[in-house]
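Values in this document were obtained by computation on a predicted structure and should not be read as measured data.
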Amino acid sequence: MAQDAAPAPAAAQADVLEEVLVTAQRRSERLQDVPVTVTAFGADQIESAHIIGVQDVITRTPGLSFDAFPASEPRLFIRGIGSSDRGSAGDPSAAVFLDEVYLGRPSAIAFDAFDIERIEVLKGPQGTLYGRNVVGGAINVITKAPELSDFSGALEGTLGNYDRREVAGMVNVPFAQNLAALRLSGSVRKHDGYTTSTVTGGDLERGDTRSARAQLLVEPNDDLRIHLTADSTTDRGTGPANHVLFTSRPDRYPLSLDPKKSLATLDGRQDRDTYGLRAEVSWSMPFATLSYLGSHRQVDYESYYDFDGSNGTRGIEGGDLEDSRLTSNELRLLSPKDSKATWVVGVYTYNAKTDRITTNNTLNFAGRERVVQNAKLDSYAVYGDVTYPLSERLNVSAGVRYTKDKKDYHIVNQGPQQFQTVFPLDARAKASFDAVTWRLAADYHLRPNHMAYLTISRGFKSGGFQDAPSSQLAAVTPFSPEYATQYEFGLKQQFFDRALTWNNSIYLIDYTDLQTGQTVGLTKITNNAGKATIKGWETALAWRIGGGFDLALNYAYTDATFDDFATVDDNNAPINLAGNRLSRTPRNKVTVAPSYTFDFANGGQFKATAEYRYESLIYDDNNNQEPEIRQPSEFVDANAGYTSPDGTWTFSVWGKNLTDERSRTLQVLFNSTFFVAYNAPRTYGATLRWNF
């Protein structure tokens, strides 16, 4: 594969940006050599920005947004492609992978960013190499693997406002004459609630998360590598805080205008337990490397809270109880390191069993509705991908994947019928979906450190079943798969002896049969919109200016518009939403992060970073009508820290949302009443880290 010029000697590298390695193509490569738009967060950036979970990554990545209500079930949107479907027979349109393991349920997206090597955000369809249903893109979280040669460890503590208390630690222990190593890491993170209920006197949005991970790496010889992982995350939080901004029935829903106070009649809960086992075995042979990756994950999730945040006579409360078992197996054959062509072929299976109970309770009205969903999924795939150098400068890539999904679904409304269905329901259904997805790419090295690429890729997301069907027939009638074909041209360039990196990409996505949620009457249904076109430009600049100053700038312009979407309005009258923008997709999103580093004569180092983020207007519903329009938002974060001369300890102070921006993260118009929720307020703290 064509490579850029070799780096200069280390003594001349003071003003050169560090190389970023990614695995976007299932092999380790320089970010500047990969014909894919990737936003990467390294370990240093994760630590200094106090990135804790997936939501911290989403808010910092242009082209990426999310539906996170409640926060314990985040749903991703990448370049306008995403899904708010939480039903047991639905799937995400953009996926999260933890050490290459697909997290197929929103509630399964649970990890702590301590002891993480890097986080990669891949934009656009990735259906050839990365599992199933990666229509919009993928977030790859790569943990730090055990090290065979060094005994090491770290301990970190944080104190902050809202009584924030965090402790995280790691230890790496090699043994068996450096043929094996054990790595243990864990964290405990707590904070008080961001909102107070004036009715109960309790805290809402309180967090208590505990994570642990144990890894064993064994390399008995140069050809065999065995990597075993067990991890768990436990969340115990109170419910989210909803507010009433306006209503035509103040007797039922009193107004609640202060983001810091709520009229919720119960504190609620958002509890989640996730457990995972992962096994990876690689055997290097003369002609290829045979690799097996297997995993099993269990998710136990429960939420129950006040939906309307009101102590009125018709208050609404409820939640979800979910039990999921997710198992995957992947066997692949990879090209040897000395191969001229870089290739991989593999087979993949994914099995999921999800039992979900949704409860809705309208107080002083009809009683507690209980809807039970049971879904089973069996997915199979075969794939292959190859990159071949046609010359010293030109590489071509091609990949193809065949996927077949089988789904079994059972839904029962145990009554009384209120929201999910307004009729007695007990329905069973089966369906199968299959598709061929592919990619074609070419990259050309114009000169050292300057590469242009063109990629065409197609993604597929399986069909599914309604979790709030409008009729008995709708309950057994699956909605169709969705497809996206992306055309992307990009430039990856480095200037001034690699002191400045500037990457640009323009793209067009042909998005057909997209699965999109719409509220009709009292229920939310999933429709297949006819067609949408998404086009945009993304630019990322990193500049080591000199004198200790650095600048990072990322910007995404996303124009996501329906070409055809025949549906119905709240009164079931036919309408077409052609010309409307896709929900939850800002047209403009920018991040600007200047930093300054000062090296003391004794070897100590001071570093300060500020980060400004802007996100333009968002429509929370495809109707694009008031009041479900989320106004533009601006956020400012900052951190400053000192590292000792020997690097053994670092003390830093940090702040998030320093301007105390309270933008809306949820907007729902229901029963002539407008319910909203807000992002977290200003938070700040101090962190002390000790490395040994």
Working to the nearest 0.5 angstrom, can you tell me the gap between [X] [atom1] and [Y] [atom2]?
| X | Y | atom1 | atom2 | result |
| --- | --- | --- | --- | --- |
| I109 | F97 | CD1 | CZ | 11.0 Å |
| I575 | N623 | CD1 | CG | 5.0 Å |
| D405 | K461 | CG | NZ | 11.5 Å |
| L582 | I81 | CG | CD1 | 8.5 Å |
| Q667 | L245 | CD | CG | 8.0 Å |
| Y678 | N242 | OH | CG | 10.5 Å |

Checklist entry - Can L103 and L98 be said to form a side chain to side chain contact (heavy atoms under 4.5 Å, CB included), step by step? => result CA-CA 7 Å; L103 306 181; L98 179 59; 4.2 Å; yes
Item to check | Chi angles and distances behind the side chain to side chain contact (heavy atoms under 4.5 Å, CB included) call for K123, I78 | outcome: CA-CA 7 Å; K123 314 289 183 64; I78 301 180; 4.0 Å; yes
Distance only, no hydrogens: is a donor on one side chain within 3.5 Å (strictly under) of an acceptor on the other, for [X] and [Y]?
| X | Y | value |
| --- | --- | --- |
| D378 | N351 | yes |
| Y409 | Q373 | yes |
| D434 | Y402 | yes |

Please confirm whether [X] and [Y] have ring centers closer than 6.0 angstrom.
| X | Y | answer |
| --- | --- | --- |
| Y614 | Y612 | no |
| Y453 | F489 | no |
| W537 | Y507 | no |

Salt bridge present between [X] and [Y] (N-O < 4.0 angstrom):
| X | Y | answer |
| --- | --- | --- |
| D385 | R401 | no |
| E488 | R79 | yes |
| E29 | R27 | yes |
| R664 | D620 | no |

Next on the checklist: Checking S505 against T37 for the side-chain hydrogen bond (donor to acceptor under 3.5 Å, both in side chains) test, could you report, in this order, the C-alpha distance in whole Å, the side-chain angles of both residues, the deciding distance, and whether it holds?
Outcome noted: CA-CA 7 Å; S505 62; T37 300; 3.1 Å; yes
Listed by chain and number, what are the side chain to side chain donor-acceptor pair (under 3.5 Å) partners of [X], not counting sequence neighbours?
| X | answer |
| --- | --- |
| Q493 | H450 |
| N679 | S663 |
| S324 | E322, T354 |

Do [X] and [Y] come within less than 4.5 Å of each other through their side chains, counting heavy atoms only?
| X | Y | value |
| --- | --- | --- |
| T128 | V400 | no |
| M451 | Q32 | no |
| S83 | P92 | no |
| P478 | F465 | yes |
| F433 | K407 | yes |
| S462 | P481 | no |
| L617 | R630 | no |
| Y619 | E628 | no |

Checklist entry - When you look at D637 and R613, which way does the salt bridge (charged side-chain N to carboxylate O under 4.0 Å, His left out) test go after all the steps? => result CA-CA 9 Å; D637 296 352; R613 302 191 301 276; 2.9 Å; yes
Checklist entry - Given V121 and L64, is the side chain to side chain contact (heavy atoms under 4.5 Å, CB included) satisfied, shown in steps? => result CA-CA 9 Å; V121 182; L64 187 60; 4.0 Å; yes
Next on the checklist: Run Y383 and Y348 through ring pair (Phe, Tyr, Trp, His ring centres under 6.0 Å) and show every step you take.
Outcome noted: CA-CA 8 Å; Y383 65 89; Y348 175 82; 7.8 Å; no
Mark yes or no for whether [X], through its side chain, and [Y], through its backbone, hold a donor-acceptor pair below 3.5 Å.
| X | Y | value |
| --- | --- | --- |
| K589 | S616 | no |
| K492 | V36 | yes |
| Q515 | F479 | no |
| R581 | T585 | yes |
| D559 | G536 | no |
| D660 | N657 | no |

Checklist entry - With under 30° as parallel and over 60° as perpendicular, where do the rings of F562 and F565 fit, or are they tilted in between? => result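 Tilted: the ring planes of F562 and F565 meet at 30° to 60°.
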Item to check | N504/T539 under side chain to side chain contact (heavy atoms under 4.5 Å, CB included): CA gap, chis, key distance, verdict | outcome: CA-CA 4 Å; N504 289 270; T539 185; 2.8 Å; yes
